[in-house]
Amino acid sequence: MEIKDPNPCRVIGVLDDGIASLSGTALALLRNADVIIGGARTLALLEREFKAGAVRHDLTGKLKEVPEWVRAARADNLACVVLATGDPLCHGIAPYLAQHLCVEALDILPNLSTLQLACARIGLAWQDARIVSVHAKDAGEWQRGATPTHGMYALAQAARQQARLLILTSPDNSPDRIARLLLAEGLGDDFLMAVAENLLQPEERVLAELTPQEAAGMKFAALNVVLLWRVTPATRPVRFGLADAEFVQRQPEKGLITKQEVRAVSLARMQLRADSVVWDIGAGSGSVGLEAARLCPQGHVYATEKNEADYAIAGQNHTAFGISNYSLYLGKAPEGLDTWPDPDAVFIGGSGGELAGLIDGIIKRLRPNGTLVMNFVTLENLATATATLQAMEGVSWDVLQLQAARSKPILHMHRMAAENPVWIVCARREINND
């Protein structure tokens with residue numbers, strides 16, 4: 001038999017029209033509360049409904065203190081209310097409280113989300129939309145190739161994968177900045193925007209069917225939400241096994257590129273998952289890292305290339321690929337690797353003469369069950385790699401020699417032309433479960 005908490009903390013969703021947004025039950029609970037917790041704006045909106053002597057806590061900048069305020073109120077058998085915006089379970093405070101208290105200690109009274117209201121204003125169905133919050137620390141304007149630490153990273157990824165987006169903004173990550181993100185990612189012609197400002201207030205304004213080009217230069221009220229919907233069909237790119245000709249390469253002589261057959265086997269040996277963190281060292285034309293980025297839509301690829309010409313070409317391929325989970329750096333490994341997160345998979349296509357030290361450093365950084373894959377075309381580099389791995393404890397490794405032959409026309413027939421042999425060395429740090 002379920003036993004309900006006799007004095008739960010009530011988490012009440014509120015909208016900007018104040019008591020008009022509250023049900024009779026929610027309003028009665030608010031009026032009888034002994035302790036009321038909320039943001040400064042919400043407290044001011046409803047303060048006339050507080051009973052005399054009710055204790056108020058402004059949670060602005062004090063989120064970590066809220067669970068203790070709730071515990072203290074419940075310990076004294078006081079009626080406690082937390083005021084939240086809209087639906088407390090939609091990027092709201094309720095999950096945080098449930099994590100730090102317990103679900104049974106909460107009674108959640110949700111309201112409409114401001115996102116639902118915005119969709120209603122323009123008649124946009126939202127059942128298949130993706131909700132994204134950019135209410136994060138200001139990391140500045142979005143730059144192509146930004147890493148997951150940027151507050152708008154999740155939005156950039158979602159815009160690649162979703163047809164409809166409902167976005168909770170912040171004063172810094174505003175609608176115009178969102179529009180500039182779309183332009184930077186080459187998506188300016190693919191989406192239309194709606195911006196709903198000051199919902200349920202006298203100065204409410206809804207701007208529908210803005211193009212990103214228009215919105216990028218506009219200013220908006222501080223309180224707003226953004227809706228995005230795709231107006232061009234999403235592309236369906238090949239995710240794995242692209243032909244070498246799909247990549248820009250240095251001309252007139254071909255630049256560094258891992259050939260299709262070797263690339264396919266190398267990516268297979270990397271054991272990638274949807275959320276893998278991948279390092280691509282010696283990126284060349286970027287072929288391995290860019291295909292890895294497509295295979296890891298919830299992960300991220302960090303690539304480095306020391307040759308300026310190849311770095312520029314890898315950048316061109318990045319632009320052409322239409323992905324937002326790839327960061328390319330100009331430099332010679334291991335410089336800069338200490339700033340990257342630990343990898344699930346690493347590919348070495350070029351080492352710049354630092355192979356032994358590079359292998360040692362990477363093995364130490366690999367996440368559990370992570371894999372290092374290396375390609376070599378010279379006996380000397382193969383010998384260095386195997387000798388380095390052989391001397392390391394707790395590392396399993398193997399070598400695969402791969403030699404492909406491709407058909408070539410000869411008169412009215414075809415012959416087989418052999419590609420240079422490549423050694424694929426795979427290493428994995430063994431996990432001790434003792």
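Values below: all heavy atoms of this structure, side chains included; hydrogens, waters and symmetry mates excluded.
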Could you check whether Arg239 pairs with Glu291 (Lys NZ or Arg NE/NH1/NH2 to Asp/Glu carboxylate O, under 4.0 Å)?
no
Charged N to carboxylate O below 4.0 Å: is that the case for Arg263 and Asp244?
yes
Counting neighbours of CH2 on Trp340 that are heavy atoms of other residues, nucleotides or ligands and sit closer than 6.0 Å, is the number greater than 12?
yes
Classify the side-chain pair Ser324/Glu185 by whether it contains a donor and acceptor separated by less than 3.5 Å.
yes
Using a strict 4.0 Å threshold on nitrogen-to-oxygen distance, state whether Arg177 and Asp138 make a salt bridge.
yes
When you measure from the side chain of Asn381 to the backbone of Thr378, do you find a donor-acceptor pair of N or O atoms at a distance under 3.5 Å?
no
Contact check, side chains of Leu228 and Leu166, non-hydrogen atoms, under 4.5 Å:
no
Do the non-hydrogen side-chain atoms of Leu227 and Met193 ever get within less than 4.5 Å of each other?
no
Would the number of heavy atoms belonging to other residues, nucleotides or ligands and lying under 6.0 Å from CG of Asn420 be above 12?
no
Working to the nearest 0.5 Å, report the span between CD1 of Ile178 and CG of Leu155.
6.0 Å
Return yes if some donor-acceptor pair links the side-chain N/O of Asp344 with the main-chain N/O of Ser276 below 3.5 Å, else return no.
no
Test Thr169 against Ser174 for side-chain contact (heavy atoms from CB on, under 4.5 Å), laying out the working first.
CA-CA 6 Å; Thr169 64; Ser174 52; 6.0 Å; no
For Thr114 and Leu168: C-alpha separation, side-chain torsions, deciding distance, then whether side-chain contact (heavy atoms from CB on, under 4.5 Å) applies.
CA-CA 9 Å; Thr114 52; Leu168 295 164; 4.1 Å; yes
Can you list everything that forms a salt bridge (Lys or Arg N to Asp or Glu O under 4.0 Å) with Arg205? Sequence neighbours excluded, please.
Glu197
Under 4.0 Å between a side-chain nitrogen and a carboxylate oxygen: does that hold for Asp172 and Lys137?
no
Is the His57 ring parallel, tilted or perpendicular to the Trp69 ring (thresholds 30°, 60°)?
parallel
Among side-chain atoms of Gln213 and Asp189, is any donor-acceptor pair under 3.5 angstrom?
yes
Would you find a donor on one side and an acceptor on the other, under 3.5 Å apart, between the side chain of Arg294 and the backbone of Phe240?
no
If I take atom CD1 from residue Ile323 and atom CD from residue Gln157, how far apart are they, to the nearest 0.5 angstrom?
9.0 Å
How many angstroms lie between CG in Leu83 and CG in Leu109, if you round to the nearest 0.5 Å?
11.0 Å
Arg10 with Asp107: basic N within carboxylate O range, under 4.0 Å
yes
Distance alone, cut at 3.5 Å: any donor-acceptor contact between the side chains of Asp58 and Thr60?
yes
Any sub-3.5 Å donor-acceptor pair from Ser285's side-chain atoms to Ala314's backbone N or O?
no
Are Arg71 and Glu68 close enough for a salt bridge, meaning some N to O gap below 4.0 Å?
yes
Could you tell me the separation between the CH2 atom of Trp423 and the CG atom of Asn375, rounded to the nearest 0.5 Å?
12.0 Å
Parallel, tilted or perpendicular: ring planes of Tyr302 versus Tyr329, cut at 30 and 60 degrees:
parallel
Mark yes when over 12 heavy atoms from residues, nucleotides or ligands other than Glu308 sit less than 6.0 Å from its CD; otherwise mark no.
no
Show, in sequence, the C-alpha distance, side-chain angles and deciding distance for Glu261 and Arg406, and conclude whether the side-chain contact (heavy atoms from CB on, under 4.5 Å) test is met.
CA-CA 10 Å; Glu261 297 82 6; Arg406 296 179 177 181; 2.8 Å; yes
Beyond-backbone contact of Leu63 with Tyr96, side-chain heavy atoms, under 4.5 angstrom:
yes
